[in-house]
4 protein chains.
Amino acid sequence: MQGGKRDLILDAAEKVFREKGFHLATLDEIASKAGVAKGTIYLYFKDKLDLFLSTVERRFRELIDELEGMKGRFDDPVEAISGMTDVLFKFARSAERLVRHMTPEKLRKPPPGKLGVKAHMEMVREKVFKPIEEVIGILSGCVSEGQARGGFRADIDPKLAAVALISMIRGVVFLKIGIPELGIDTAESPKQVKALFLNGIMEG
Amino acid sequence: MQGGKRDLILDAAEKVFREKGFHLATLDEIASKAGVAKGTIYLYFKDKLDLFLSTVERRFRELIDELEGMKGRFDDPVEAISGMTDVLFKFARSAERLVRHMTPEKLRKPPPGKLGVKAHMEMVREKVFKPIEEVIGILSGCVSEGQARGGFRADIDPKLAAVALISMIRGVVFLKIGIPELGIDTAESPKQVKALFLNGIMEG
Amino acid sequence: MQGGKRDLILDAAEKVFREKGFHLATLDEIASKAGVAKGTIYLYFKDKLDLFLSTVERRFRELIDELEGMKGRFDDPVEAISGMTDVLFKFARSAERLVRHMTPEKLRKPPPGKLGVKAHMEMVREKVFKPIEEVIGILSGCVSEGQARGGFRADIDPKLAAVALISMIRGVVFLKIGIPELGIDTAESPKQVKALFLNGIMEG
Amino acid sequence: MQGGKRDLILDAAEKVFREKGFHLATLDEIASKAGVAKGTIYLYFKDKLDLFLSTVERRFRELIDELEGMKGRFDDPVEAISGMTDVLFKFARSAERLVRHMTPEKLRKPPPGKLGVKAHMEMVREKVFKPIEEVIGILSGCVSEGQARGGFRADIDPKLAAVALISMIRGVVFLKIGIPELGIDTAESPKQVKALFLNGIMEG
DNA sequence: GATGAATGAGGCTTCATTCAT
DNA sequence: TATGAATGAAGCCTCATTCAT
């Protein structure tokens, strides 16, 4: 069981990062929750940031797999987008509090004393940028197809539309989590977002 | 020159928080950038967190003032929303990296050893929740009016629409900042977002 | 060499606390005197206060052991008390400057931000109250026995007598230390205190 | 009203020092409790230690006045000592928590950066040592007189007896305050201490 | 591979003291 | 005299990281 321990650590890390955020999470808590010694973490991950980003990456991979699976299932771009929206809502609900902590500082600056801006950016590109681009690619692909087939407005940039859809979903979910007293209707949100977005990109 | 020093500190704090994030920002740097002694900060702010939230609050106030001003200027909800979108883009571009650091942990849990969950939540409500609600209120008000006057779809929840619009804008701007290599077109974004959103909420 | 480091720290801490008092003692000095890093202290002690009280507790344990040993050695309560007085003088001379810093504030209030009045009092009871009660118990036991056997005045509360004896000794020693210019005769003190106390509790 | 403000400050300081101890007491709290500005304190006292010792000195003066008054009132040394014991109990009950904080460090080392070991010791001698010597002098005077008149044991050093009496009283009161759960009988204590002490110094 | 004791840099915060008004 | 805003030194404590076993 090679990777077994690695996943154990990732599971624990994800849970702690989600609840405390990156900086308030401690490797002590992660290690104890994972049932391994603190030092063991360093056998599988370069440092705390690497652990965090690996956590995020894993979630992105799952998301991408699910979205990819969806792509083939529907012929109609509208239905594909509708299905993907549901997937994105599910993702946001379980991962937004984790993903949220990917701030520009963490992505752009290597942890001090680690010598290697180059290597750092390389890792970030692999674990974060590429997956995000893939997700955007899948969604914008649907939009493009809708445009090609007709029915979708041609003056909308598919990539921007994709970003807009993802952002709406994340925003709605995050506000629900962060300020519950706003009274956002969890059950209705996906339907509303779909209506808004689809109506937005479709002609007349 | 009474509150002068308070603003000096807020200015410096905002700059540092924006660049380093909450946890990596140090009061040392803020103090020296503000040209005051470290202790002076504590004459005006209870806490590092208080300082941070005050920084955010100030920005929110400015945003609200600008949005309020806009509300009266346009008779047509469409034009009002269009104008507000521009304001929100401007806000996001200059404040998103700051606002981003308001994570649930910071909003929901009082800093350890500060005795006072109640007082903490009271402050958060005042400095964060209320302004956010105001912004959403202004925007959803425009949507409601559009619905009342006719022309806007009646099946869209105005509050959710507001959240969606804000989130789109924040998301587009943040991705531009966080992953410039995505190649989001800064100049075109507002126009595209407006098209998407307005087409989304208006009847066929 | 397990607890070795703990004792090393306790030794250094006791020395520094004795010389500087609780508040003027710094963990920096204690750590460097113990030859360990500052962080290491926190592997063995929860707190500065915990470290201090542990220091005191250790001394109390030694004192109690010695007093217990004495209890069996003498049959005559008078001789037992005489012997214990010598032990108490020795204890006071080497520990009074340490013990002195157990002020009510430290015993009654948990350090701010440590969440746990209950836990704090529990620790204090274990490390401080119980040992003190034991010491008083041993001494008052001797007095009680003297009363039972006859020869000791029956109208004296044994527990109060014990407290009085301990206090006399501590007071004499402390004044000698604190105000040497008073010219208290170190060599004569034990003899005098014994005479005073024994004559005080014995009949006619 | 010259000294009016000085006494106001002393009153506030005493209260705060008694409750928090020397180091945990803050000049901020003292000033606000006294109704004066923080800076004002420095018009009347050299520094925090000076303020503290002045507080103690004032109490000593009152004690000495009361003891002096007693000296003349009784002809019989036994009765004089008995009366003084009552006075000392009253003093201990109201001032022990204050006086307790006069630790050797504070008395022997000038506050750092104050340049002046000589001046410091001079002040300490005036405010602390001399009063203590006076108190001891009054009490030991009674003992000496008892010895001169006959009835008191001649082998007891009057000064040590005085110290012993004071210490007993302080010890009993302090333990009552510090560890109430010991169950020391407040009402009975003075009677018991008198019995113990007087029996101790009087001839068989 | 796995451990966890040890490290030590660095952060937030407090507070006695000063000084311009 | 009186004020109180400003200072800045100094302390406790945390925690990512290392390394000998």
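Residue numbering restarts at 1 for every chain, and letters A, B, ... go by the order of the sequence lines.
Near-neighbour residues of DNA chain E inside residues 33-42 of chain C, defined by a heavy atom below 4.0 Å, number-ordered: C:Val36, C:Ala37, C:Lys38, C:Gly39, C:Thr40.
One can place NZ of B:Lys5 at 10 Å from C1' of F:dT7, the figure rounded to the nearest angstrom. Between D:Phe52 atom CZ and E:dT17 atom C1' there is a gap of 19 Å when expressed in whole angstrom units. When rounded to the nearest whole Å, the span between NZ of A:Lys106 and C1' of F:dA16 equals 15 Å. Taking atom CG on A:Asp28 and atom C1' on E:dA6, their separation rounds to 13 Å, with Å as the unit. One atom, CD1 of C:Ile30, and another, P of F:dC12, lie 8 Å apart when rounded to the nearest Å. Nucleotide E:dT14 holds its P atom 14 Å from the CD atom of D:Glu29, rounded to whole Å. Look at CG on A:Leu51: it is 16 Å from P on F:dC15, rounded to the nearest Å. With rounding to whole Å, B:Phe45 atom CZ is found 15 Å from F:dA5 atom P.
Checking the phosphate oxygens (OP1, OP2) of E:dA2, a side-chain nitrogen or oxygen of A:Tyr44 falls inside 4.0 Å. Within the 4.0 Å cut-off from OP1 or OP2 of F:dC13, not a single side-chain nitrogen or oxygen of C:Lys48 is found.
At least one side-chain heavy atom of C:Thr103 sits less than 4.5 Å from a side-chain heavy atom of D:His101.
DNA chain E is contacted by both B:Leu27 and D:Leu49; B:Leu27 maps to the nucleotide lying nearer its 5′ end (nearest heavy atom per residue).
Tested against C:Ile30 for a side chain to side chain contact (heavy atoms under 4.5 Å, CB included), the candidates C:Asp11, C:Val16, C:Leu10 yield a single pass: C:Val16.
By the 6.0 Å contact criterion, NZ on B:Lys15 is open, its count of non-hydrogen atoms from other residues, nucleotides or ligands being 12 or less.
Within 4.0 Å of B:Ala31, counting heavy atoms only, lies no atom of the nucleic acid at all. Counting non-hydrogen atoms under 4.0 angstrom, B:Leu43 reaches a base of the nucleic acid.
Base pairing of E:dG4: its partner is F:dC19, meeting the Watson-Crick or G-U wobble criterion (both donor-acceptor distances under 3.5 Å). Under the Watson-Crick or G-U wobble criterion, with both distances below 3.5 Å, E:dA9 is paired with F:dT14.
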**OP:** Give the C-alpha distance, both sets of side-chain angles, the deciding distance and a yes or no for side chain to side chain contact (heavy atoms under 4.5 Å, CB included) between B:Lys106 and B:His120.
**Re:** CA-CA 10 Å; B:Lys106 283 180 209 81; B:His120 173 73; over 6 Å; no
**OP:** Dump the intermediate steps for side chain to side chain contact (heavy atoms under 4.5 Å, CB included) on D:Arg108 and D:Val124, then the final yes or no.
**Re:** CA-CA 8 Å; D:Arg108 295 289 165 188; D:Val124 168; over 6 Å; no
Original post:
Would A:Thr40 and A:Lys5 satisfy side chain to side chain donor-acceptor pair (under 3.5 Å), going step by step from the backbone distance to the final call?
Top reply: CA-CA 9 Å; A:Thr40 306; A:Lys5 204 155 271 189; over 6 Å; no
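A parallel orientation is assigned to the rings of D:Phe17 and D:Phe22, their planes being inclined by less than 30° (bins at 30° and 60°).
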